[in-house]
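To start, the structure under review is shown below, and the notes come after it.
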Amino acid sequence: MPSQDQIREDAQRRVAFLSALYDRERDGQSPHLGQLAEDLGLDPNDPSIHRLSKDLRDANLIAGTGVFGGGIPRPRLTEAGKQTVMRSLAPADAVNPSRGSTNATISGITMGDGNTVSFMQNSPGGSQETTLMPFMQRRVLAWLDDVDKRAPKHHFTSSQDLADIQELSAELRTEVNGEARQGRVRELTQHIVGILSAASASLVSNGLVEAGQALLQHLG
């Protein structure tokens, strides 16, 4: 019987694959399996991505014709797969970021047979080692573009809040375009969401907060 950790890791690796496929399909692409492997930080020919694609097709989360030894070369999301992604994007009720808070533990995504995409035990001073997956880097940058574009229109409690947002956004952008350390990316995102959450309520700021919480859901 699989352990709770194995069950959790299996669910995480499925959602990571489906989320990467969802992002590409939303952009009008029909990606091949090798591209999705790269989105997850794997070699395009890694056998674990082939097995994962077959598992997801068997679960009716993706569709496509399989190739012997090569997985599902051109997977596409089924309706059940889309719903799985939508549920994963919904901010968890438990997410309540605040300035200065720290995240005790972050677990990553293991693709099986020792092929680890992302794994870390996050503790103060030890949370900077894991590289963010490429598809998550794109998501963070897209959210930052939105924050940088719309945050100046908010009515913050103080001018310092806006200055803090701009400074944190610049640092986060540098991090994602550089080493993209998952712990640091999450920490900076959490600080920004905390400031936005404390700002005067508006439809725009609420949208940014919800999107940021969804990122934290994936990052954590």
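Predicted, not measured: the structure shown is a model, and the values here were computed from it. Residue numbers run from 1 in the order of the sequence given.
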- Out of curiosity, D145 CG to R173 CZ, how far, rounded to the nearest 0.5 Å? 4.5 Å
- Task: Output, in order, the C-alpha distance, side-chain angles, deciding distance and verdict of side chain to side chain donor-acceptor pair (under 3.5 Å) for Q160 and D164.
- Result: CA-CA 6 Å; Q160 187 60 49; D164 288 344; 2.8 Å; yes
- Decide salt bridge (charged side-chain N to carboxylate O under 4.0 Å, His left out) for D27 and R24; before the verdict, give the C-alpha distance in whole Å, the side-chain angles of both, and the deciding distance to 0.1 Å. CA-CA 5 Å; D27 289 339; R24 286 187 176 271; over 6 Å; no
- What distance do T189 atom OG1 and R184 atom CZ have between them, rounded to the nearest 0.5 Å? 10.0 Å
- Query: Going through the checks in order, is the salt bridge (charged side-chain N to carboxylate O under 4.0 Å, His left out) test met by D55 and R14?
  - Reply: CA-CA 9 Å; D55 290 345; R14 288 179 174 221; 5.3 Å; no
- Message: Between L33 and V15, is there shared hydrophobic-cluster membership here, with clusters defined by ILVMFWY side-chain heavy atoms closer than 4.5 Å?
- Response: no
- Message: Name the residue from L172, D146, V176 that meets the side chain to side chain contact (heavy atoms under 4.5 Å, CB included) definition with L141.
- Response: V176
- Minimum heavy-atom separation for G71 to S53, with atom names? CA-OG, 3.4 Å
- Query: Where do M133 and A16 come nearest, in terms of heavy atoms and distance?
  - Reply: CE-CB, 4.3 Å
- Query: Under 3.5 Å, is there a donor-acceptor pair between the side chain of Q166 and the main chain of A163?
  - Reply: no
Donor-acceptor pairs are to be reported for all side-chain atoms of residues 77-85 against protein atoms at under 3.5 Å, with residues two or more places apart or in another chain.
{"residue": "T78", "atom": "OG1", "partner": "N60", "partner atom": "O", "Å": "2.6"}
{"residue": "T78", "atom": "OG1", "partner": "L61", "partner atom": "O", "Å": "3.1"}
{"residue": "T78", "atom": "OG1", "partner": "A80", "partner atom": "N", "Å": "3.4"}
{"residue": "T78", "atom": "OG1", "partner": "G81", "partner atom": "N", "Å": "3.1"}
{"residue": "E79", "atom": "OE2", "partner": "Q83", "partner atom": "NE2", "Å": "3.0"}
{"residue": "T84", "atom": "OG1", "partner": "A80", "partner atom": "O", "Å": "3.0"}
{"residue": "T84", "atom": "OG1", "partner": "R87", "partner atom": "NH2", "Å": "3.4"}

- Minimum heavy-atom distance K54-I72, with the two atoms named: N-CG1, 4.2 Å
- Task: Would you check, one step at a time, whether the test side chain to side chain contact (heavy atoms under 4.5 Å, CB included) holds for I62 with L18?
- Result: CA-CA 8 Å; I62 65 172; L18 296 173; 3.7 Å; yes
- Message: Show the nearest heavy-atom pair for residues P75 and E25, with the distance to one decimal.
- Response: O-OE2, 4.1 Å
- Output for pair (R76 CZ, R57 CZ), nearest 0.5 Å, gives 10.5 Å
- Please report the closest heavy-atom contact between P73 and T65, naming both atoms and the distance. CD-O, 3.2 Å
- Note on the structure: Taken to the nearest 0.5 Å, the spacing of M136 CE from S19 OG works out to 8.5 Å
- Task: Determine whether L188 and L216 fall in the same hydrophobic cluster, where Ile, Leu, Val, Met, Phe, Trp and Tyr are linked whenever their side-chain heavy atoms lie under 4.5 Å apart.
- Result: yes
- Looking at CG of L42 and CG of N45, how far apart are the two atoms once the value is rounded to the nearest 0.5 Å? 11.0 Å
- Message: Treating E38 as the side-chain partner and P44 as the backbone partner, does any N or O pair qualify as donor plus acceptor under 3.5 Å?
- Response: no
- Task: Given side chain to side chain contact (heavy atoms under 4.5 Å, CB included), test E187 with L168 step by step and report yes or no.
- Result: CA-CA 10 Å; E187 181 182 9; L168 289 165; over 6 Å; no
- Message: For a side chain to side chain contact (heavy atoms under 4.5 Å, CB included) check, start with the C-alpha distance between F135 and L36, then their side-chain angles and the critical distance, and finish with the verdict.
- Response: CA-CA 9 Å; F135 88 96; L36 295 171; over 6 Å; no
- Query: If you count the non-hydrogen atoms of other residues, nucleotides and ligands that lie under 6.0 Å from CD in Q29, is the total more than 12?
  - Reply: yes
- Item | Working for side chain to side chain contact (heavy atoms under 4.5 Å, CB included), residues R13 and L40 | CA-CA 9 Å; R13 69 191 182 100; L40 299 181; over 6 Å; no
- Can you name the closest pair of heavy atoms from G212 and W143 and give their distance? N-NE1, 3.3 Å
- Would a distance-only check, ignoring hydrogens and angles, find a side-chain to backbone donor-acceptor pair under 3.5 Å from R139 to L215? no
- Working to the nearest 0.5 Å, report the span between CD of E175 and CD of Q182. 11.0 Å
